[in-house]
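In this chain, numbering begins with 1 at the start of the sequence shown.
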Amino acid sequence: MKLTVLGGGGFRVPYVYQALLRDQGSPRIEEVWLQDADAGRLDAMAAVLARIAEGRPGAPKVFTTTDLDPAVEGADFVFAAVRVGGLAGRVCDERVALDLNVLGQETTGPGGLAFGLRTIPVMLDIARRVRDLAPSAYVINFTNPAGMITEAMQSVLGERVLGICDTPSGLGTRVAASLGLDPARIRLDYVGLNHLGWMRRILHDGVDVLPRLLADDDRLGALEEGVVFGREWLRDLGMIPNEYLYYYYFNREAVRSILDAPQTRGEFLAAQQAAFYERVAAASGDAAMELWRETVAARSASYMAEAKGAETGQALDDHAALDPVDEGYAGVALAVMAAISRNERAGMILNVRNGSTIAALPEDAVVEVPVTVDANGVHPLTVSPPDLHQTGLMQQVKAVERLTISAAVNGSRGDAVKAFALHPLVDSASLGRRLLDGYIDRIPEVASVFAASRP
């Protein structure tokens, strides 16, 4: 089988390749095609993968290209991990909002809308190329904002596009470890959108162990979400929110912390990755591999630092031993491929078409819910209705996502202004317009969306 990775010069790629090497099933991936607009990044990742493959008979062959069509043609699976505008665009996503004292974050708030505006047209073009060149392929989308991008791509490819975020399943694994339980016997009751969901029950052999966790000061306090939200708020909610809900529940604190930091997350990553690609160009073999390991370790250790009482870019010693988030993405992605290609039925939490799963949202909306995956595709499971506060927030954010998709497709400034103005973390028509103007002025890829409609 052929796997195509779009954004193949990115940092997740070695995790994906390592997961493929561990896979002993049949059929398995024999070719990995890395596609990226930056040839230098491709060369760097190819060097790292070559080191990983050394001494591994039957390792998937790696091909690199800057051309989309040969990468996609005949693929069985396509991983999409594209960053339109690069990290420079992410820095602007953050700074335009922060300059107006609004949350500046990659996927949550106005930064996520700006990211979506410039990314959706590119991803729709990719979807059309996949439809024409690999009509049987499944697209596994990592590109952020994952829910919004997956929903846009489904307009071309239907339910052959699904989105992955490992945060919900990672939470279940960590809770099982904390309580000394077998994660294979855990079932998660989760409902929401991407980066906006809630773990309502954690069932072990049919028994909800969440109350046991919430009552345990030490275990709850040591949990990642206990650090982010605090034990008191988790007990007040009676559930465990996705960590990105920190930006809603503690919005003022988050904005203040990011503003007070010497750099944003995007600025930290831009400097770190520039140094990596410069150094790795002169390295090979073990040296290239060690550079990658050092870089991803620092990247993981400083993840969501502002939510954990540290400055952006500062390593969090008591969290540095956690598995890097990208390793979780690779594991979930491999499980999806195995379930579809080998009918190894599996349960997980994915971003998929809603159907009748959440009655309060449109049938064609993409939601993040428990599913089963097999050779016939992805099947969302029935979930109990969300609470009113969850429903209201999901409806508001989904309305904003759909306005953003419409603006990106149609070049509608009116829809874009409404998207920014109606976002719960903006909540101001005048501020929404200023945000859009700021992104148009500072990010060429956003400006191009509205070029035909500008005065």
Only counting residues at least two apart or in another chain, list the ones meeting salt bridge (Lys or Arg N to Asp or Glu O under 4.0 Å) with R187.
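With neighbours one apart ignored, the set is empty.
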Would you kindly say whether E243 and Y303 are connected by a side-chain donor-acceptor distance under 3.5 Å?
yes
Donor on one side chain, acceptor on other, N144 and H195, under 3.5 Å
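No pair is found: no donor N or O on one side chain lies under 3.5 Å from an acceptor on the other.
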Give me the atom names and distance for the closest heavy-atom approach of [X] to [Y].
X: I349; Y: P168; answer: CD1-CB, 3.6 Å
X: V400; Y: A419; answer: CG1-O, 3.5 Å
X: P362; Y: N354; answer: O-ND2, 3.0 Å
X: P14; Y: W292; answer: CB-CZ2, 3.3 Å
X: L103; Y: A97; answer: O-CB, 3.2 Å

Measuring from atom [atom1] of [X] to atom [atom2] of [Y], what distance do you get when rounded to the nearest 0.5 angstrom?
X: H423; Y: E401; atom1: NE2; atom2: CD; result: 8.0 Å
X: W198; Y: L237; atom1: CH2; atom2: CG; result: 9.5 Å
X: R265; Y: E94; atom1: CZ; atom2: CD; result: 9.5 Å
X: I405; Y: L124; atom1: CD1; atom2: CG; result: 8.5 Å
X: L157; Y: I126; atom1: CG; atom2: CD1; result: 10.5 Å

I'd like to check the side-chain hydrogen bond (donor to acceptor under 3.5 Å, both in side chains) partners of [X]; sequence neighbours left out, ordered by chain and number.
X: D427; answer: none
X: N141; answer: T143, T150
X: D69; answer: R129
X: S430; answer: S428

List for me each residue that meets ring-ring contact (aromatic ring centres under 6.0 Å, His included) alongside [X], sequence neighbours excluded, and say none if there are none.
X: F115; result: none
X: F229; result: none
X: Y248; result: none

Pairing of [X] and [Y] as salt bridge, 4.0 angstrom limit:
X: K418; Y: D415; answer: yes
X: E151; Y: K398; answer: yes
X: R231; Y: E225; answer: no
X: R118; Y: D93; answer: yes

Without placing hydrogens or testing angles, list every side-chain donor-acceptor pair under 3.5 Å for residues 209-218, not counting sequence neighbours.
{"from": "R212", "atom 1": "NH2", "to": "L179", "atom 2": "O", "distance (Å)": "3.4"}
{"from": "D216", "atom 1": "OD1", "to": "D218", "atom 2": "N", "distance (Å)": "3.2"}
{"from": "D216", "atom 1": "OD1", "to": "R219", "atom 2": "N", "distance (Å)": "3.1"}
{"from": "D216", "atom 1": "OD2", "to": "R219", "atom 2": "NH1", "distance (Å)": "2.8"}
{"from": "D217", "atom 1": "OD1", "to": "R235", "atom 2": "NH1", "distance (Å)": "3.1"}
{"from": "D217", "atom 1": "OD1", "to": "R235", "atom 2": "NH2", "distance (Å)": "2.5"}

Would you say [X] and [Y] make side-chain contact, with heavy atoms under 4.5 Å?
X: Q35; Y: L6; answer: yes
X: D36; Y: T66; answer: no
X: L117; Y: F450; answer: yes

Sequence neighbours excluded, which residues qualify as side-chain contact (heavy atoms from CB on, under 4.5 Å) partners of A421?
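Partners of A421 under the side-chain contact (heavy atoms from CB on, under 4.5 Å) test: A429.
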Specify whether Y247 and Y244 have parallel, tilted or perpendicular ring planes, treating 30° as the upper limit for parallel and 60° as the lower limit for perpendicular.
tilted
Between W233 and Y249, does the ring centroid distance fall short of 6.0 Å?
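Centroid distance W233-Y249: below 6.0 Å, so yes.
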Identify the residue among V78, T64, I140, L34 that makes a side-chain contact (heavy atoms from CB on, under 4.5 Å) with V5.
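It is L34; the other options fail the test.
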Are any side-chain N or O atoms of S257 and backbone N or O atoms of E253, one a donor and one an acceptor, separated by less than 3.5 Å?
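Judged by distance alone, no pair lies under 3.5 Å.
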Pairs meeting criterion salt bridge (Lys or Arg N to Asp or Glu O under 4.0 Å) with involvement of residues 346-373, two or more places apart:
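Passing the test, one end in residues 346-373: D364-R402.
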What pairs of donor and acceptor atoms, side-chain ones from residues 381-389 against any protein atom, are under 3.5 angstrom apart with sequence neighbours left out?
{"from": "S384", "atom 1": "OG", "to": "R200", "atom 2": "NH1", "distance (Å)": "3.4"}
{"from": "S384", "atom 1": "OG", "to": "R200", "atom 2": "NH2", "distance (Å)": "3.3"}

